[in-house]
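Encoded as structure tokens, the structure appears first; notes follow it.
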Amino acid sequence: GNILKFDNVGLRYGLGPEVLRDVSFRVATGSFHFLTGPSGAGKSTLLRLMYLGLKPTRGRVMVFDRDVATTARYELPALRRRIGVVFQDFRLLDHLTALDNVALPLRVRGLREAEIRRHVPELLSWVGLADQLDARPSTLSGGQKQRVAIARAVIGRPDLLLADEPTGNVDDQIAMRLMRLFEELNKLGTTILVATHNEGLVSRFPHNPRLHVERGQVVRVT
Ligand code: ADP
Ligand code: ADP
């Protein structure tokens, strides 16, 4: 099946121009897609539609076979819990440590504290932050914050992972490590979309399908 379906989607912010125009595509459940395109093309807007942060002004967006336009507000939190999001600006909670930021999705689900103490440090070690478990986000570099944000997005093994430029602040070696983390998650069943304008990164994964956004239009490249 398809975890995402866009049919003739248009989107405008307020009274502005349409920033997405007649966008139609499918994302197969279990796939690992790249979302590419220049800055301002509409990638973040597409991701907002996918995580139910916006409703289309035209056309239809289906997420998990649910029509976003007719989904009641009270149903959104349960659907959003199935989606991991890596925001471009990280959105970490500054009063919590790195460990507690990453633990958040597990606590929301009521996982036992002993489990949390086992899983979260393991994942943070994997992304190279073993010595930053108790650090507050404000003391971390951009690349470190990005890795905390990624750990928080993947810790709960979401059905869908949406990552906006997740390797934008790290060097090549860490970028590849993060991509391997995404591949592991993908093997466990998570559908993944990575938005990036890093062509170098994309070219290292030639077998991943790719949606390209250009001036509000989406074309499937592979
Ligand atoms: P990308 O992520 O590819 O850089 P965006 O989706 O952020 O592109 O932006 C697409 C277009 O929509 C841009 O012209 C941008 O200025 C505009 N835009 C994005 N968010 C808003 C908003 N909240 N209000 C008005 N315009 C917006
Ligand atoms: P989100 O992904 O939750 O919508 P973002 O971090 O992408 O939030 O953007 C932060 C806020 O700034 C959002 O409300 C977004 O709509 C707005 N925004 C982003 N780009 C523009 C723009 N070009 N013009 C006006 N508002 C914008």
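Heavy atoms only: backbone and side chains are in, while hydrogens, waters and symmetry mates are out. Start at 1 and go down the list; that is how both ligands and their atoms are numbered.
For ligand 1, the atoms closer than 4.0 angstrom to any heavy atom of S44 are 1 (P), 2 (O), 6 (O), 7 (O). Under a 4.0 Å criterion applied to the non-hydrogen atoms of P38, ligand 1 contributes the atoms 3 (O). Of all atoms in ligand 1, numbered sequentially from 1 with element shown, those under 4.0 Å from a heavy atom of R48 are 19 (C), 20 (N). Which parts of ligand 1 touch V19 is read off a 4.0 Å heavy-atom cut-off, strictly below it: atoms 11 (C), 12 (O).
Proximity of the aromatic rings of F205 and F182 is defined here by a centroid distance below 6.0 angstrom, and this criterion is not met.
Using a non-hydrogen distance threshold of 4.0 Å, G16 does not register as a contact of ligand 1. Using 4.0 Å as the threshold, G37 has no heavy atom nearer than that to any atom of ligand 1.
The heavy atom nearest to atom 6 (O) of ligand 1, out of those in T45, L49, V213, T36, is found in T45.
Judged as a ring pair (Phe, Tyr, Trp, His ring centres under 6.0 Å), and not counting sequence neighbours, the contacts of F25 are F6. Evaluation of the side-chain contact (heavy atoms from CB on, under 4.5 Å) rule for L76 yields L52, T71, R80 as partners, not counting sequence neighbours.
Between the side chains of T97 and R136, not a single donor N or O lies within less than 3.5 Å of an accepting N or O.
Salt-bridge annotation for D22 and R58: absent, with no side-chain N of the basic residue lying under 4.0 Å from a carboxylate O of the acidic one.
With respect to P137, the side-chain contact (heavy atoms from CB on, under 4.5 Å) criterion is satisfied by exactly one of L96, L93, N101: N101.
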